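Small disclaimer: the values here were computed from a predicted structure and weren't measured.
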Amino acid sequence: MLTGGAALLLLLLLVVRWATIRSAIVTCTLVVAAGALIVVRASEPSSALEMLGALFIWALVATGPLALGAYLRSLDSQRARMIIAARRAQSLELAHDLHDFVAHDVSGMVVQAQAARLTAGRNADQARAALERIEKAGLHALEALDRTIAMLRAVAFRR
């Protein structure tokens with residue numbers, strides 16, 4: 001009887017901890033009922049009051065694994081929510097960094113292009129040098145964009 005009762009209590013804990021809610025409700029109901037039958041058969045109550053007492057004691061004993069399983073399940077849910085929040089914050093930070101890097105480089109490219117346009121008619125060498133700086137800034141912006149996108153992908157695929 002003790003081994004069977006202990007196995008049922010362990011089953012209660014594991015079911016509440018790992019099963020889906022619907023499966024846990026059905027399984028726990030069946031396990032508690034099975035435990036109640038074991039208690040009633042083993043204690044051989046002589047009156048309805050003794051039977052109710054034995055069932056009450058079983059219910060009290062079964063509450064421990066149920067509560068522990070529910071507590072562990074809530075810790076899992078809390079941990080999952082914290083991971084999602086941390087990933088969201090990290091993604092927002094990366095997006096902010098991406099904006100800062102690319103906006104800085106693109107702004108520099110726009111200024112260089114405006115300067116090249118103004119000097120193109122008067123000094124072709126200065127215009128050519130400005131176009132080279134625009135090209136370097138564009139390549140730098142693309143590299144920064146590639147690095148940031150790679151980091152975002154790494155975060156997204158760690159889920």
Side-chain angles (χ1 to χ4, degrees), residues 3-38 56-159:
T3 305
L8 287 176
L9 293 175
L10 179 62
L11 179 63
L12 280 175
L13 172 69
L14 295 175
V15 165
V16 171
R17 172 81 161 85
W18 296 111
T20 63
I21 297 294
R22 179 178 285 172
S23 298
I25 291 171
V26 171
T27 305
C28 288
T29 302
L30 294 174
V31 168
V32 169
L37 287 175
I38 290 172
F56 180 73
I57 289 172
W58 167 248
L60 283 177
V61 170
T63 302
L66 289 171
L68 180 60
Y71 174 71
L72 294 173
R73 185 184 199 103
S74 72
L75 289 179
D76 285 344
S77 296
Q78 181 182 14
R79 181 174 91 18
R81 284 190 305 272
M82 290 173 64
I83 288 171
I84 289 169
R87 285 184 176 155
R88 183 175 296 130
Q90 188 177 28
S91 293
L92 288 173
E93 184 179 336
L94 287 171
H96 179 71
D97 290 345
L98 174 65
H99 174 267
D100 287 349
F101 291 137
V102 174
H104 178 268
D105 289 334
V106 171
S107 297
M109 290 166 46
V110 169
V111 169
Q112 292 290 336
Q114 290 169 341
R117 188 179 49 161
L118 289 175
T119 61
R122 293 178 288 195
N123 190 339
D125 290 336
Q126 282 183 346
R128 218 174 284 115
L131 290 173
E132 288 175 9
R133 288 190 300 270
I134 292 170
E135 180 184 12
K136 285 181 185 176
L139 290 172
H140 187 266
L142 287 174
E143 288 171 3
L145 182 63
D146 286 343
R147 281 192 309 273
T148 307
I149 295 298
M151 285 188 282
L152 287 171
R153 282 188 181 141
V155 168
F157 288 118
R158 277 191 287 188
R159 294 180 186 175

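- Contact of the Trp58 side chain with the Leu9 side chain is registered, since non-hydrogen atoms from C-beta on lie closer than 4.5 Å.
- Ion pairing between Asp76 and Arg73 fails under the 4.0 Å rule for side-chain N and carboxylate O.
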Expected list for residues 26-33: side-chain donor-acceptor pairs under 3.5 angstrom, two or more places apart:
from	atom 1	to	atom 2	distance (Å)
Thr27	OG1	Ser23	O	2.8
Thr29	OG1	Ile25	O	2.7

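- Here the shortest heavy-atom pairing between Ala120 and Ala127 reads CA-CB, 3.7 Å.
- In this structure, Leu118 and Gln114 have side chains that are not in contact, with every pair of non-hydrogen atoms separated by 4.5 Å or more.
- Nearest heavy atom pair, residue Val16 against residue Ala70, reads CG1-N, 3.2 Å.
- When all heavy atoms are compared, the tightest approach of Ala24 to Ala19 is N-CB, 4.1 Å.
- Put simply, CG on Leu68 and OG1 on Thr63 are 12.5 Å apart, with the number rounded to the nearest 0.5 Å.
- Atoms CD1 and CZ, on Ile84 and Arg79 in that order, are 10.5 Å from each other to the nearest 0.5 Å.
- Residue Asp125 holds its CG atom at 5.0 Å from CZ of Arg128, rounded to the nearest 0.5 Å.
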Sequence neighbours excluded and cut-off under 3.5 Å, please list the side-chain donor-acceptor pairs for residues 133-140, or say none.
from	atom 1	to	atom 2	distance (Å)
Arg133	NE	Gln112	OE1	2.8
Arg133	NH2	Gln112	OE1	3.1
His140	ND1	Asp105	OD1	3.4
His140	ND1	Asp105	OD2	2.8

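- Note that CD1 of Ile83 is 12.0 Å distant from CD of Gln90, once rounded to the nearest 0.5 Å.
- For Glu143, the side chain to side chain contact (heavy atoms under 4.5 Å, CB included) partners at least two apart in sequence or on another chain are Arg147.
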